Amino acid sequence: MFTRTFTVDRELLVRYAGASGDFNPIHYNDRFARAVGLPGVIAHGMATMGLAASAVVDWAGDPGAVVDYGVRFTRPVEVPDPGHAEVEVTGTVGAVDLAASSVRVDLKVTAGGASVLAKAQAVVRLD
């Protein structure tokens, strides 16, 4: 089992937007986000997914060992200004496949105590 906590602030959102090309105003403009029914600025879903994947990679010790990964988005991560949100990723081995020499890692991903990703699982090849 492993747990990793990530800090998500507005600076991270700007860096992710630049890297991904996703400049949707819900990720940087509170007024716009509220106008479309959100509580305020939210993190990019794919950024949240990427943070969870990086926790698996750190645990596995090799990015090439992660052979499958999938999630369902359940709730956005609200990012206050000023301040930050914390995304906590907890991974547990859910199944072992000796024939394939791999494990399935089940992830619990939360922010503010609420689940933000569901059915989050990765398959990691063992050495």
Side-chain angles (χ1 to χ4, degrees):
M1 184 163 110
F2 63 87
T3 299
R4 178 141 181 229
T5 302
F6 297 92
T7 299
V8 179
D9 58 15
R10 299 290 175 101
E11 181 183 342
L12 184 139
L13 300 184
V14 169
R15 290 192 326 248
Y16 185 83
S20 69
D22 181 352
F23 294 101
N24 187 321
I26 64 173
H27 302 303
Y28 63 84
N29 184 312
D30 283 297
R31 191 173 338 137
F32 184 88
R34 287 188 184 100
V36 298
L38 295 168
V41 165
I42 62 170
H44 303 75
M46 295 299 285
T48 305
M49 184 178 177
L51 293 173
S54 73
V56 175
V57 167
D58 289 348
W59 176 78
D62 173 13
V66 180
V67 296
D68 191 32
Y69 177 58
V71 306
R72 287 202 178 183
F73 301 100
T74 56
R75 176 183 304 251
V77 175
E78 298 173 34
V79 183
D81 183 31
H84 64 274
E86 290 192 345
V87 173
E88 184 173 276
V89 180
T90 301
T92 57
V93 173
V96 177
D97 185 339
L98 295 176
S101 189
S102 66
V103 295
R104 188 191 75 225
V105 179
D106 298 332
L107 301 170
K108 178 181 175 187
V109 184
T110 61
S115 176
V116 296
L117 298 177
K119 296 188 180 186
Q121 296 180 330
V123 176
V124 177
R125 185 186 69 247
L126 302 173
D127 286 334

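Bear in mind that the values here come from a model prediction, so they are computed numbers and not experimental data.
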Inset, instruction - Would you check if the side chain of T7 reaches a backbone N or O of E86 as a donor-acceptor pair within less than 3.5 Å? - result: no
Inset, instruction - Check A118 against T74 and note the closest heavy-atom contact, atom names and distance. - result: CB-CG2, 3.2 Å
Legend entry - Interatomic spacing from CZ in F2 to CG in L107 - rounded to 0.5 Å: 5.5 Å
Inset, instruction - Grab the two heavy atoms, one from V89 and one from A52, that are nearest each other, plus how far apart they are. - result: CG2-CA, 3.9 Å
Inset, instruction - Determine, step by step, whether F6 and H84 satisfy the side chain to side chain contact (heavy atoms under 4.5 Å, CB included) criterion, reporting the C-alpha distance in whole Å, the side-chain angles of both residues, the deciding distance to 0.1 Å, and the verdict. - result: CA-CA 10 Å; F6 297 92; H84 64 274; over 6 Å; no
Inset, instruction - Please check if V123 and V96 belong to a single hydrophobic cluster, counting links between Ile, Leu, Val, Met, Phe, Trp and Tyr side chain heavy atoms closer than 4.5 Å. - result: no
Inset, instruction - Under the side chain to side chain contact (heavy atoms under 4.5 Å, CB included) rule, what do V56 and V124 come out as? Steps first, then yes or no, please. - result: CA-CA 8 Å; V56 175; V124 177; 3.8 Å; yes
Legend entry - R4 CZ: over 12 foreign heavy atoms closer than 6.0 Å: yes
Inset, instruction - Please state whether the rings of H44 and Y16 are parallel, tilted or perpendicular, taking 30° and 60° as the class boundaries. - result: tilted
Inset, instruction - Check whether any side-chain heavy atom of Q121 lies under 4.5 Å from a side-chain heavy atom of V105, and answer yes or no. - result: no
Legend entry - In one Ile/Leu/Val/Met/Phe/Trp/Tyr side-chain cluster, 4.5 Å: F23, V41: no
Legend entry - Closest approach of V87 to A111 (non-hydrogen atoms, all atoms of both residues): CG2-CB, 4.4 Å
Inset, instruction - Could you tell me the separation between the CZ atom of R75 and the CG atom of L117, rounded to the nearest 0.5 Å? - result: 12.0 Å
Legend entry - Side-chain hydrophobic cluster, 4.5 Å single linkage: members besides L38: I26, F32, V36, I42
Inset, instruction - Specify the closest pair of heavy atoms between A65 and A60, including all atoms of both residues, with the distance to one decimal. - result: CB-CB, 4.4 Å
Legend entry - hydrophobic_cluster_shared for V57 and V67, side chain cutoff 4.5 Å: no
Legend entry - Close side-chain approach of T90 and M1, heavy atoms under 4.5 Å: yes
Legend entry - Over 12 foreign heavy atoms within 6.0 Å of CG, D127: no
Inset, instruction - For D106, check salt bridge (Lys or Arg N to Asp or Glu O under 4.0 Å) against everything at least two apart and list the hits. - result: R104
Legend entry - Sub-4.5 Å side-chain heavy-atom contact between R10 and V14: no
Legend entry - Electrostatic pair D68-R125, nearest N-O below 4.0 angstrom: no
Inset, instruction - Find the distance between OG1 (T110) and CD (E88) and round it off to the nearest 0.5 Å. - result: 5.0 Å
Legend entry - Within one Ile-Leu-Val-Met-Phe-Trp-Tyr cluster: M49 and L12, side-chain cutoff 4.5 Å: yes
Legend entry - Reported CH2-to-OG1 distance for the pair W59 and T3, which is rounded to 0.5 angstrom: 12.5 Å
Inset, instruction - Answer with yes or no whether the hydrophobic clustering places L126 together with Y69; edges join I, L, V, M, F, W, Y residues whose side-chain heavy atoms lie under 4.5 Å apart. - result: yes
Legend entry - Distance (rounded to the nearest 0.5 Å) between D81 CG and L13 CG: 10.0 Å
Inset, instruction - Identify the two heavy atoms, one from V79 and one from A43, that lie closest to each other, and give their separation to 0.1 Å. - result: CG2-N, 3.9 Å
